[in-house]
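No hydrogens, no waters, no symmetry mates; every other heavy atom, side chains included, goes into these values.
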Amino acid sequence: MGRRLRPIFRRQDMQSERWTIGLALFFAGASTLTLFVWIPIDIETGVIETFRRRTTIGDAMAPTLAAAAIFVISVIMGAVAVLRARINSRSPEAGLDRQDYSFLLLTAVPLVLGLVLMVYVGSVAVEAINALGGEIGTYRELKAAFPYKYLGFLIGGFVMVFGTIRVVENKGTQSAAWVAALAVLALILLYDVPFDNLLLPPNGDF
């Protein structure tokens, strides 16, 4: 019985390592594009800005640190998977199969949906309030005002985190929802509350 089950376990371990390497490559590539393409094109200021001998944190600081952290973690995750395979005297199978591509595609869905919601939820909410007679002004005027500045980041960020957990665990749970909500709130406390000159995404685009 043991001899029959051992190859099955090895196959499952191999599949797990291949998924790990696939995820590592996906997020390493995405973070690289973010660092060298998206941030330079989309954000006008740099990481550190000096104007008239006054040095301040630029708008690119937060996304640059986040993308760099994702890149480092992805490289470590992929390297650990390869080393674990070598320690066990086997190499991970080359290439990705159909399941791997399907998994990566499903992982991209909440990320893309979350980004779309992050960009449009705030402005759509303001336009809806104005249409109902609220006359609160444009979103450009309110992009740094509570609670409007948080709408897109809260909803879009929650969808990205919760959706990714849902895809990885293949189920949605209440604990995953709490983790997603707390993660987004933690980012707000870390990046928005302490700094007066930082704008949460996507408010810098308005």
So Met160 and Leu115, side chain to side chain contact (heavy atoms under 4.5 Å, CB included) or not? Walk me through it.
-> CA-CA 8 Å; Met160 283 192 285; Leu115 288 174; 4.2 Å; yes

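When all heavy atoms of Gly156 and Leu117 are compared, the pair lying nearest together is CA-CB, 4.1 Å. Nearest heavy atom pair, residue Ile70 against residue Ser31, reads CG2-CB, 4.0 Å. In terms of heavy-atom proximity, Ala67 sits nearest to Thr34 at CB-CG2, 3.9 Å. Val126 approaches Gly137 most closely through the heavy-atom pair CG1-O, 3.3 Å. The minimum heavy-atom distance linking Phe26 with Leu111 is given by the pair CE2-CD1, 4.1 Å. Here the shortest heavy-atom pairing between Tyr139 and Tyr148 reads OH-O, 3.5 Å.
In this structure, CG on Leu33 lies 11.0 Å from CD1 on Ile39, to the nearest 0.5 angstrom. A distance of 8.5 Å separates CG in Leu25 from CE in Met77, rounded to the nearest 0.5 Å. With rounding to the nearest 0.5 angstrom, the CD atom of Glu127 is 12.0 Å from the CG atom of Leu132. Once rounded to the nearest 0.5 Å, the distance linking CG of Leu35 with CZ of Phe71 reads 8.0 Å. Distance check: Leu151 CG to Ser123 OG gives 10.0 Å after rounding to the nearest 0.5 Å. Taking CZ of Arg166 as the start and CG of Leu106 as the end, the distance is 9.5 Å to the nearest 0.5 Å.
Cluster membership check: Val184 does not share its hydrophobic cluster with Ile165, using side-chain heavy-atom separations under 4.5 Å among Ile, Leu, Val, Met, Phe, Trp and Tyr. In the hydrophobic clustering of this structure, Trp38 groups with Phe153; members are Ile, Leu, Val, Met, Phe, Trp, Tyr whose side-chain heavy atoms approach within less than 4.5 Å, directly or through other members. Val121 and Ile129 fall within the same hydrophobic cluster, defined by Ile, Leu, Val, Met, Phe, Trp and Tyr side-chain heavy atoms under 4.5 Å apart, directly or through other members. The hydrophobic clustering, which links ILVMFWY residues whose side-chain heavy atoms are closer than 4.5 Å, places Met118 and Phe146 together. Both Phe27 and Leu187 sit in one connected hydrophobic cluster of ILVMFWY residues. Membership requires side-chain heavy atoms under 4.5 Å apart, directly or through other members.
Looking only at side-chain heavy atoms (C-beta outward), Thr173 and Trp178 stay at 4.5 Å or farther from each other. Inter-residue side-chain proximity for Leu154 and Ile188 is flagged as met; some heavy-atom pair is nearer than 4.5 Å.
Without hydrogens or angle criteria, Asn130 side chain to Thr138 main chain gives no donor-acceptor distance under 3.5 Å.
In this pair, Phe158 and Phe162 present their aromatic rings parallel. The plane angle is below 30°, not in the 30 to 60° band.
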